Amino acid sequence: MIEPFQQSLPGEPAAVDAACAWMSAIIGSVQPDQAELAVRITRELMADAIRHTPASEKLHLRVIPLATNLVIEIRDPGAPASDGTARTSWADLSQEVAEFGSKQIAGQGHIAWVLLPPRRASHD
């Protein structure tokens, strides 16, 4: 098993682009056929997490390579957004992933995660 990749970023808007660049570099080595989807998911998860994270706090991004797919996880110190609105782009992306979820963990903040669809078989 490949060890998870982890990075902490400030809770500010510029962190979205930094997270996407980091994701692009990682995904190219572990699951290149899912690179575009992984970067789009990272952008959405980070944008949502930043909405309720003070700039002085950190967001924690983790990529967990599995045998046939990949988990993208973002942990922030705040509570999930409570306005009850879903972004249209996230609604569209949720149809492209295998599983997704989020939960509040007492004393640890909020975690949102996505399981990418299984890797496509290579026909070489």
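In what follows, every heavy atom counts, from backbone to side chain, and hydrogens, waters and symmetry copies are set aside. These figures come from a predicted structure and were not determined experimentally. Along the sequence shown, residues are numbered consecutively beginning with 1.
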Fill in: Rounded distance [0.5 Å steps], NZ in Lys58 versus CD in Glu12
8.0 Å

Response to the item:
Closest heavy-atom pair, Met46 versus Ala19, reported as atoms and distance to 0.1 Å, is CG-CB, 3.7 Å

Discussion item. I need the Ile41 CD1 to Leu70 CG distance, nearest 0.5 Å.
Written reply: 9.0 Å

Item to complete: Answer yes or no: is there a side-chain heavy-atom contact under 4.5 Å between Gln34 and Pro117?
Response: yes

Worksheet item: Are any of the side-chain nitrogens in Arg43 or Asp17 under 4.0 Å away from the carboxylate oxygens of its partner?
Response: yes

Fill in: Student check: side-chain heavy atoms of Ile111 and Glu73 closer than 4.5 Å
yes

Worksheet item: Could you state the interatomic distance from OG1 (Thr53) to CG (Asp76), rounded to the nearest 0.5 Å?
Response: 4.0 Å

Worksheet item: If you look at every heavy atom in Ser8 and His60, which pair is closest and at what distance?
Response: OG-ND1, 2.6 Å

Discussion item. Does Lys103 form a side chain to side chain contact (heavy atoms under 4.5 Å, CB included) with Ile105? I'd like the steps, not just the answer.
Written reply: CA-CA 6 Å; Lys103 63 182 173 179; Ile105 300 176; 3.9 Å; yes

Fill in: Point-to-point distance, once rounded to the nearest 0.5 Å, from CZ of Arg75 to CG of Leu61
11.5 Å

Worksheet item: Between Ala112 and Ser102, what is the shortest heavy-atom contact and its length?
Response: CA-CB, 3.9 Å

Discussion item. With rounding to the nearest 0.5 angstrom, report the CD1 to CZ distance, Ile72 to Phe5.
Written reply: 12.5 Å

Worksheet entry | Single hit among Val71, Thr68, Leu37, Leu66 for side-chain contact (heavy atoms from CB on, under 4.5 Å) with Leu116 | Leu37

Item to complete: Could you tell me which non-hydrogen atom of Ala15 sits nearest to which non-hydrogen atom of Ile50, and how far apart they are?
Response: CB-CD1, 4.2 Å

Discussion item. One pair to check against side chain to side chain contact (heavy atoms under 4.5 Å, CB included): Val63 and Met23. What are the steps and the verdict?
Written reply: CA-CA 8 Å; Val63 177; Met23 176 61 71; 3.3 Å; yes

Item to complete: Return the minimal non-hydrogen interatomic distance between Ile74 and Thr42, and the atom names on each side.
Response: CD1-O, 4.2 Å

Response to the item:
Across all chains, not counting sequence neighbours, the salt bridge (Lys or Arg N to Asp or Glu O under 4.0 Å) partners of Glu36 are Arg40

Discussion item. Distance check, rounded to the nearest 0.5 Å: Leu9 atom CG versus Glu57 atom CD?
Written reply: 13.5 Å

Practice prompt. Mark yes or no for whether Ser24, through its side chain, and Cys20, through its backbone, hold a donor-acceptor pair below 3.5 Å.
Written response: no

Practice prompt. Measure across Pro65 and Val30 and return the closest heavy-atom pair with its distance rounded to 0.1 Å.
Written response: CG-CG1, 4.5 Å

